[in-house]
Structure formats: structure tokens, C-alpha cells
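As the structure is a computational prediction, the values presented were derived from the model and not from experiment.
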Amino acid sequence: GLKLESQLAGQVFRSEDAKGLPFGVDRAEWEASPVEIRIPGRETRRFAARTEISGERDIELAAAVPSVRGTLRLGPGLAGKRVHMELEPGDPSRDPRSPAAMPSGGATEAGPFSWYDVPDGRWRLTAWVKVSDAAMAHAVREFDKSGAGVDLGEIVVFPPTTLRARVVAR
């Protein structure tokens with residue numbers, strides 16, 4: 001199981017009063033409010049009120065099935081570098097600040113990756129590796145998700161290259 005401390009409020013809200021409550025919320029309202037626990041790779045668990053999870057207790061969260069998965073490979077000269085991944089909605093009308101536009105997951109190194117809680121729609125996955133202070137290597141994959149999970153297969157990040165060309169007039 002997963003052990004959660006009773007300090008849940010400190011993990012959810014950035015600003016609290018001296019009692020550990022969000023500003024402008026009284027204790028009765030706070031304790032009666034619903035709670036949703038979301039952890040990447042685990043099924044979301046909902047509770048009708050905070051009193052259901054007060055005190056010290058174990059809460060089990062079942063393993064989740066990834067919404068999007070794949071394998072990231074690094075090209076020559078990039079082995080061992082730290083990977084950064086971002087999954088963004090491809091639909092410009094979707095609000096990027098909404099929870100539905102913020103799936104969790106990704107990877108920080110080459111190998112398998114998974115994203116969870118990805119709603120249906122068009123998405124853009126960007127993976128990048130810092131090559132030097134002035135250069136980044138990128139890979140971008142756009143895809144549609146509808147219903148079942150999506151396997152993106154293998155995505156390869158290649159190092160940047162320089163193309164030199166000479167124009168010859170005829």
C-alpha cells in the first residue's frame with residue numbers, strides 16, 4: 001500500500017493560514033470537501049470527504065494502465081544524457097491549464113515511457129536532450145488518442161547536425 005500523512009493540505013495548496021487551511025476556508029467546509037488522490041502509474045482514488053482519510057492510515061492505489069506508452073532511444077553521442085518530455089494538447093481550443101490537459105508520466109532517461117490520464121484528442125509529445133549550452137536535440141510525435149491506450153512505438157532523438165551546401169550557378 002501507499003502511506004499518506006495527514007498533512008495532505010500542505011501538498012495540495014501553496015498558501016495556507018496558521019491552521020494549515022487554504023485562506024478563506026473554514027475547517028468544517030475543508031473537512032467536508034471531497035478529495036482525489038492522483039499518482040502517476042496508479043488509479044485515481046476519490047473520497048467523499050477529507051474526514052475519510054484523516055489521521056495516519058494506509059491507502060491502496062491499484063496500478064493503472066498507461067494511456068500512452070512507447071520507447072525512447074537516444075542517437076549517437078547522446079547516451080546517458082538526461083531526457084525531458086512534454087505532452088501537450090494538439091487542439092488549440094483546449095485550455096492548457098485544465099487538469100484534462102495535464103497528463104502525468106514521461107521519462108527522464110532512454111527506455112520505456114508511459115503517460116497516464118491522457119484524455120481523447122490530438123496530442124503532441126516532445127522529447128529533448130540538452131547537447132551543450134547552445135544546442136538541443138529534439139524528437140516530436142503527434143498522435144490522436146481515442147478510447148483505448150496508444151502505443152507510439154519507438155521514438156529516436158538524434159543529435160543536431162549541420163548541413164553545408166554550396167550553391168552553384170549554371
Side-chain angles (χ1 to χ4, degrees), residues 1-5 7-16 22 33-48 50 53 58-163:
L2 173 70
K3 188 171 185 172
L4 295 177
E5 300 295 326
Q7 305 284 326
L8 190 59
Q11 297 174 9
V12 175
F13 292 91
R14 302 277 185 254
S15 57
E16 301 172 345
S33 65
V35 175
E36 184 175 274
I37 300 174
R38 301 176 87 198
I39 297 176
R42 299 286 168 187
E43 290 289 336
T44 299
R45 184 103 184 257
R46 292 171 182 82
F47 296 90
R50 293 182 185 282
I53 60 169
D58 291 335
I59 297 174
E60 291 186 25
L61 300 175
V65 175
S67 300
V68 177
R69 65 182 181 283
T71 303
L72 185 73
R73 302 274 181 241
L74 298 178
L78 300 177
K81 299 256 186 200
R82 182 177 173 83
V83 173
H84 303 273
M85 296 182 95
E86 186 174 79
L87 187 59
E88 301 175 294
D91 178 4
S93 65
R94 189 180 294 173
D95 183 358
R97 297 164 297 181
S98 73
M102 294 184 247
S104 57
T108 57
E109 58 189 27
F113 64 86
S114 298
W115 287 87
Y116 301 89
D117 302 320
V118 180
D120 290 349
R122 184 112 180 112
W123 292 89
R124 180 178 42 259
L125 175 67
T126 306
W128 69 94
V129 175
K130 184 176 180 179
V131 177
S132 68
D133 287 338
M136 303 285 269
H138 291 86
V140 177
R141 176 76 54 95
E142 291 193 5
F143 62 94
D144 290 309
K145 181 182 174 297
S146 177
V150 175
D151 188 346
L152 298 177
E154 186 173 271
I155 298 173
V156 182
V157 179
F158 288 104
T161 58
T162 303
L163 178 64

With rounding to the nearest 0.5 Å, note down the distance linking CD in Glu43 to CD in Glu60.
-> 13.5 Å
Nearest atoms (heavy-atom pairs only) where Ala127 meets Leu72 = CB-CD1, 3.9 Å
Take Leu125 and Val68, measure what side-chain contact (heavy atoms from CB on, under 4.5 Å) needs, and give me the verdict at the end.
-> CA-CA 10 Å; Leu125 175 67; Val68 177; 5.7 Å; no
Tightest non-hydrogen contact, residues Val83 and Ala110, listed as CG2-N, 4.0 Å
Do Pro34 and Phe47 have side-chain heavy atoms sitting under 4.5 Å apart?
-> no
To the nearest 0.5 Å, tell me how far Asp117 CG sits from Thr44 OG1.
-> 4.5 Å
Between CG on residue Leu87 and OH on residue Tyr116, distance to nearest 0.5 Å = 13.5 Å
So which heavy atom on Leu78 is nearest to which on Pro159, and how close?
-> CD1-N, 3.7 Å
When every non-hydrogen atom of Ser33 is compared with those of Arg50, the smallest separation belongs to OG-NE, 3.0 Å
Scan residues 62-83 for pairs that pass side-chain hydrogen bond (donor to acceptor under 3.5 Å, both in side chains), counting only residues two or more places apart or in two chains.
-> Arg73-Glu154
Could you tell me whether a side-chain N or O of Lys145 sits under 3.5 Å from a main-chain N or O of Val118, the two making a donor and an acceptor?
-> yes
First locate atom CD1 of Ile155, then atom CZ of Arg141, and finally report the distance between them rounded to the nearest 0.5 Å.
-> 4.5 Å
Is the shortest heavy-atom distance from the side chain of Trp115 to the side chain of Val150 under 4.5 Å?
-> no
Pairing residues for Glu142 by the salt bridge (charged side-chain N to carboxylate O under 4.0 Å, His left out) criterion, not counting sequence neighbours | Arg122, Arg124
If every non-hydrogen atom of Gly70 is compared with every non-hydrogen atom of Asp151, which pair is closest and at what distance?
-> CA-OD1, 4.0 Å
OG1 of Thr126 to NE2 of His84, rounded to nearest 0.5 Å, is 13.0 Å
Straight-line distance of Arg45 CZ to Ile53 CD1, nearest 0.5 Å | 10.0 Å
Compare every heavy atom of Ala139 with every heavy atom of Val157, then report the nearest pair and how far apart it is.
-> CG2-CB, 3.7 Å
